[in-house]
There are 2 protein chains.
Amino acid sequence: MAQAQKLNLVFHALGDPTRRAIVERISRGPVSVSQLAAPLSITLAAVVQHVQVLEESGLVRTEKAGRVRTCRMEPAGLSLAEQWIAGRRNEWERRLDRLGELLAED
Amino acid sequence: MAQAQKLNLVFHALGDPTRRAIVERISRGPVSVSQLAAPLSITLAAVVQHVQVLEESGLVRTEKAGRVRTCRMEPAGLSLAEQWIAGRRNEWERRLDRLGELLAED
DNA sequence: TCAATAGTTAAGCGAACACTTAAGTATTAG
DNA sequence: CTAATACTTAAGTGTTCGCTTAACTATTGA
């Protein structure tokens, strides 16, 4: 998949507060879907849909054993977003440097 | 504004590829709205709407001089997103450390 | 075996989204 | 003064989103 499309999915996934709460929980250790649903005031079906979005975005990996689906972190997903942001900061800082050099010329 | 609400706006803003392209351009230096629109195959009106979303998210600052609106980077916006991501990675790594210590016990 | 548990899937609904067209305002160059 | 430029704003349109209810499947503990 193209990088841009992956970034669409990752940033879109993180744009929802319920999904960020789910990621926060999963980043502390593996959890089942029911455990994810417990503190949330939405139906299990809605939680399943959020988990699907997170899995398709590459932020979360999922595995079913018996009737329980366990969700784990997939750190590469977050990494992609982090690197895009770092790239922007980098360009911005390099520009400030060039500007500083220009102003330092006498 | 609450941190969570800001994160909603920032991640949602970055979830759209056109808006990311706009941020990439702005991170290389200040630009007018027309300059932003030039390489994009959407109407000026649509670009204005994207810029509004970016401004409300805190990623971009904007200033009008005469009839030209100039857009600049607001690095604090990206920073907020970066810190949230770093926080998740941190929790995930700390958990791996604890796990490693457990396994190292004999 | 059979009832509770854990998740799945589909259909539907109202709100938000990205975009367009169209009609406007304000600024500036000639 | 006038025409072109650079937006701005409003209304409308099709699509996607987050969520619900409801009906279903698969697993497991008593």
Side-chain angles (χ1 to χ4, degrees), chain A residues 1-2 4-26 29-72 81, chain B residues 1-2 4-26 29-72 81:
Chain A
M1 200 195 301
Q5 176 61 9
K6 285 188 193 169
L7 285 169
N8 289 352
L9 297 177
V10 169
F11 282 126
H12 169 247
L14 295 179
D16 181 89
T18 302
R19 266 176 328 243
R20 279 203 312 280
I22 290 175
V23 169
E24 285 171 12
R25 177 71 185 77
I26 293 181
V31 243
S32 73
V33 175
S34 310
Q35 285 174 323
L36 283 175
L40 302 171
S41 52
I42 55 177
T43 60
L44 220 210
V47 174
V48 169
Q49 287 162 18
H50 281 307
V51 168
Q52 275 165 7
V53 170
L54 288 169
E55 195 165 13
E56 278 156 26
S57 78
L59 285 165
V60 158
R61 189 164 35 96
T62 251
E63 200 182 342
K64 194 158 183 179
R67 59 186 165 173
V68 177
R69 179 172 298 279
T70 302
C71 308
R72 305 161 185 289
Chain B
M1 198 195 302
Q5 176 61 8
K6 285 188 191 170
L7 284 170
N8 289 352
L9 296 177
V10 169
F11 282 127
H12 168 248
L14 295 178
D16 180 89
T18 302
R19 266 178 327 244
R20 279 202 312 281
I22 290 175
V23 169
E24 285 172 13
R25 176 70 184 78
I26 293 181
V31 244
S32 73
V33 176
S34 310
Q35 284 174 322
L36 284 174
L40 302 171
S41 51
I42 54 177
T43 60
L44 219 211
V47 174
V48 169
Q49 287 163 18
H50 281 307
V51 168
Q52 274 165 7
V53 170
L54 288 169
E55 195 165 14
E56 278 156 27
S57 78
L59 286 165
V60 159
R61 189 165 35 96
T62 251
E63 201 181 342
K64 195 158 183 179
R67 59 186 164 172
V68 176
R69 179 171 298 277
T70 302
C71 309
R72 306 163 183 288

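Chain identifiers are assigned alphabetically (A, B, ...) following the order of the sequence lines, protein sequences preceding nucleic acid strands; residue numbering begins at 1 within each chain.
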message = OP1 or OP2 of C/dA18 versus the side-chain N and O atoms of B/H12: is any pair under 4.0 Å?
response =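 Looking at the OP1 and OP2 atoms of C/dA18, one of them is under 4.0 Å from a side-chain N or O of B/H12.
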
Ignoring hydrogens and angles, write down the donor-acceptor pairs under 3.5 Å from the side chains of residues 11-21 of chain A, residues two or more places apart or on other chains.
| residue | atom | partner | partner atom | Å |
| --- | --- | --- | --- | --- |
| A/D16 | OD2 | A/T18 | N | 3.0 |
| A/D16 | OD2 | A/R19 | N | 3.0 |
| A/R19 | NE | A/A13 | O | 2.9 |
| A/R19 | NH1 | A/H50 | ND1 | 3.3 |
| A/R19 | NH2 | A/H12 | O | 3.3 |
| A/R20 | NH1 | A/L14 | O | 2.8 |
| A/R20 | NH1 | B/N8 | OD1 | 3.0 |
| A/R20 | NH2 | B/A4 | O | 3.0 |
| A/R20 | NH2 | B/N8 | OD1 | 2.8 |

inquiry  = How close do B/C71 and B/V51 get, counting heavy atoms only, and between which atoms?
reply    =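 In terms of heavy atoms, the two residues are closest at SG-CG1, 4.1 Å.
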
Interatomic distance where [atom1] belongs to [X] and [atom2] belongs to [N] [whole Å]:
{"X": "B/Q52", "N": "C/dC17", "atom1": "CD", "atom2": "P", "answer": "13 Å"}
{"X": "B/L44", "N": "C/dA23", "atom1": "CG", "atom2": "P", "answer": "17 Å"}
{"X": "B/N8", "N": "C/dA16", "atom1": "CG", "atom2": "P", "answer": "13 Å"}
{"X": "B/L40", "N": "C/dA18", "atom1": "CG", "atom2": "P", "answer": "14 Å"}

task = To the nearest 0.5 angstrom, please state how far the CD atom of A/E55 sits from the CD atom of A/Q52.
result =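 A/E55 CD to A/Q52 CD: 8.0 Å, rounded to 0.5 Å.
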
key: B/Q49 or B/V33, whichever maps to the more 5' nucleotide of DNA chain D   =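 It is B/V33 whose nearest nucleotide is closer to the 5' end.
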
Extract all donor-acceptor atom pairs below 3.5 Å that involve side chains of residues 37-47 of chain B and protein atoms in other chains or at least two apart in sequence.
| residue | atom | partner | partner atom | Å |
| --- | --- | --- | --- | --- |
| B/T43 | OG1 | B/A46 | N | 3.3 |

ask   = Backbone N or O of A/V53 within a donor-acceptor pair of the A/E56 side chain at under 3.5 Å?
value =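 No; judged by distance alone, with no hydrogens or angles, the pair does not exist.
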
Positions of residues 60-70 of chain B (non-hydrogen atom under 4.0 Å from DNA chain D), listed by number =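 Nucleic-acid contacts, sorted: B/K64, B/R67, B/V68, B/R69.
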
Show me the side-chain donor-acceptor pairs of residues 59-68 of chain A shorter than 3.5 Å, one per line, residues at least two apart or across chains.
| residue | atom | partner | partner atom | Å |
| --- | --- | --- | --- | --- |
| A/R61 | NE | A/E74 | OE1 | 3.4 |

request  = With a 4.0 angstrom cut-off to heavy atoms of chain A, pull out the first and last contacting nucleotide of DNA chain D, in 5'-to-3' order.
outcome  =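 With heavy atoms of chain A under 4.0 Å away, the range is D/dC17 to D/dT28.
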
ask   = DNA chain C: B/A45 or A/S32, which has the more 5' nearest nucleotide?
value =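 Its nearest nucleotide being more 5', the pick is A/S32.
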
request  = Would you check if A/V31 and A/T70 make a side-chain contact, meaning some heavy-atom pair closer than 4.5 Å?
outcome  =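 No, side chains not in contact.
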
request  = Would you indicate what B/T43 reaches in the nucleic acid, counting non-hydrogen atoms under 4.0 angstrom: base, sugar-phosphate, or nothing?
outcome  =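 The residue B/T43 makes base contact.
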
ask   = Within the structure shown, what part of the strands sits under 4.0 Å from A/I42 by heavy-atom distance: base, sugar-phosphate, or nothing?
value =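 A/I42: backbone/sugar contact only, no base atoms under 4.0 Å.
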
key: Partner set under side chain to side chain contact (heavy atoms under 4.5 Å, CB included) for A/L9, not counting sequence neighbours   =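 A/L9 satisfies side chain to side chain contact (heavy atoms under 4.5 Å, CB included) with A/M1, A/Q5, A/S57 once adjacent residues are dropped.
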
